[in-house]
Undergrad: 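Pasting in a structure now, in structure tokens, and then I'll have a few things to ask.
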Amino acid sequence: MNLLSKLEFSTPWHILWLLTTASKFSDSSNIERRIFVAYARDQLFHSSETVRQESSWFLAKNEKLAPDELCDIYIKATGCTQIGLAAVAGYLSVSISEKKLTAIRDDSSLNRKAFAWGVSHAKNP
């Protein structure tokens, strides 16, 4: 997996596959987990907003995403990924009380549903 994450010709689909696959490995060593956390962090600046959203979810699940980082990504997002980012905000809100997260939740009625979904997944992984 580590070698795959270093490929320079990564397409957005390749990156999404890597992040999704890496999130399935609950028994990964600390070294492997750190490699993918660093990889996901780099992807927060990717040109594809879908990659940025999936990276946010991966980092939130690994407790490595700050609310300010999520807000920076949310501001640049379109309706395509705002809902997914609202789910990330919900996931983060279980362990972090932050007004910025509730602002994302309250941005739309669909965001409120996605936020609640994120909360439920944080409480029942």
Side-chain angles (χ1 to χ4, degrees):
M1 248 350 229
N2 183 14
L3 180 62
L4 289 174
S5 70
K6 292 182 180 179
L7 294 175
E8 293 192 26
F9 59 86
S10 298
T11 67
W13 289 111
H14 174 240
I15 296 166
L16 293 173
W17 177 83
L18 277 173
L19 292 170
T20 302
T21 303
S23 69
K24 306 281 185 219
F25 296 134
S26 60
D27 61 344
S28 295
S29 73
N30 286 337
I31 293 169
E32 289 171 339
R33 181 68 59 196
R34 279 187 295 215
I35 289 168
F36 278 102
V37 164
Y39 181 74
R41 186 157 293 292
D42 289 343
Q43 302 316 308
L44 291 176
F45 306 99
H46 195 277
S47 60
S48 168
E49 70 178 287
T50 305
V51 169
R52 293 191 303 267
Q53 187 271 313
E54 188 64 27
S55 297
S56 299
W57 180 253
F58 179 85
L59 290 168
K61 290 191 74 160
N62 283 278
E63 301 175 353
K64 300 293 183 187
L65 185 69
D68 286 341
E69 292 173 310
L70 179 61
C71 288
D72 289 344
I73 293 163
Y74 187 82
I75 289 168
K76 299 172 191 166
T78 66
C80 179
T81 60
Q82 284 178 341
I83 299 156
L85 293 169
V88 174
Y91 192 95
L92 288 176
S93 74
V94 171
S95 59
I96 302 169
S97 178
E98 179 74 46
K99 289 182 180 183
K100 293 175 183 178
L101 299 176
T102 56
I104 291 173
R105 177 195 67 199
D106 295 338
D107 200 26
S108 75
S109 60
L110 197 51
N111 274 16
R112 284 190 282 285
K113 298 285 187 187
F115 188 95
W117 183 89
V119 168
S120 71
H121 279 272
K123 290 181 178 176
N124 303 310

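Throughout, numbering of the chain's residues begins at 1 and tracks the sequence.
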Undergrad: Does Thr11 use its side chain to pair, donor to acceptor, with the backbone of His14 at less than 3.5 Å?
TA: yes
Undergrad: If I take atom CD from residue Gln53 and atom CG from residue Leu19, how far apart are they, to the nearest 0.5 angstrom?
TA: 10.5 Å
Undergrad: Any non-hydrogen side-chain atom of Val119 less than 4.5 Å from a side-chain atom of Ser93?
TA: yes
Undergrad: Taking all non-hydrogen atoms of both residues into account, name the closest pair between Ile96 and Pro67 and its distance.
TA: CG2-CG, 3.9 Å
Undergrad: Quick one: closest heavy-atom pair of Gln43 and Ser55, and the distance?
TA: CB-OG, 3.0 Å
Undergrad: Is there a path of hydrophobic side-chain contacts, each under 4.5 Å between heavy atoms of I/L/V/M/F/W/Y residues, joining Ile83 to Val51?
TA: no
Undergrad: At what distance, to the nearest 0.5 angstrom, does CG of Leu18 lie from CZ of Phe58?
TA: 10.0 Å
Undergrad: Determine whether Val37 and Arg34 make a side-chain contact, defined as any pair of heavy atoms from C-beta on separated by less than 4.5 Å.
TA: no
Undergrad: Ignoring hydrogens, what is the shortest heavy-atom contact between Ser56 and Val88? Give both atom names and the distance.
TA: O-CG1, 3.9 Å
Undergrad: Is the ring centre of Tyr91 less than 6.0 Å from the ring centre of Trp117?
TA: no
Undergrad: Determine the interplanar angle of the Tyr39 and Phe36 rings, folded into 0 to 90°, and report it as parallel if under 30°, tilted if 30 to 60°, perpendicular if over 60°.
TA: perpendicular
Undergrad: Determine whether the side chains of Ser95 and Glu63 contain a donor N or O and an acceptor N or O closer than 3.5 Å.
TA: no
Undergrad: Using only atom types and a distance under 3.5 Å, with no angle test, would you say the side chain of Gln82 pairs donor to acceptor with the backbone of Asn111?
TA: no
Undergrad: Distance check, rounded to the nearest 0.5 Å: Glu98 atom CD versus Ile104 atom CD1?
TA: 9.5 Å
Undergrad: So how far is it from Leu92 CG to Leu59 CG, rounded to the nearest 0.5 Å?
TA: 9.5 Å
Undergrad: Quick check for you: to the nearest 0.5 Å, what is the distance between Arg112 atom CZ and Asp106 atom CG?
TA: 6.0 Å
Undergrad: Decide side-chain contact (heavy atoms from CB on, under 4.5 Å) for Glu69 and Arg41; before the verdict, give the C-alpha distance in whole Å, the side-chain angles of both, and the deciding distance to 0.1 Å.
TA: CA-CA 10 Å; Glu69 292 173 310; Arg41 186 157 293 292; 2.4 Å; yes
Undergrad: Is Tyr74 linked to Leu110 within one hydrophobic cluster, defined over Ile, Leu, Val, Met, Phe, Trp and Tyr using a side-chain heavy-atom separation of less than 4.5 Å?
TA: no
Undergrad: Measure the spacing between CD1 of Ile15 and NE2 of His46 and express it to the nearest 0.5 Å.
TA: 3.5 Å
Undergrad: Are any side-chain N or O atoms of Arg52 and backbone N or O atoms of Ile73, one a donor and one an acceptor, separated by less than 3.5 Å?
TA: no
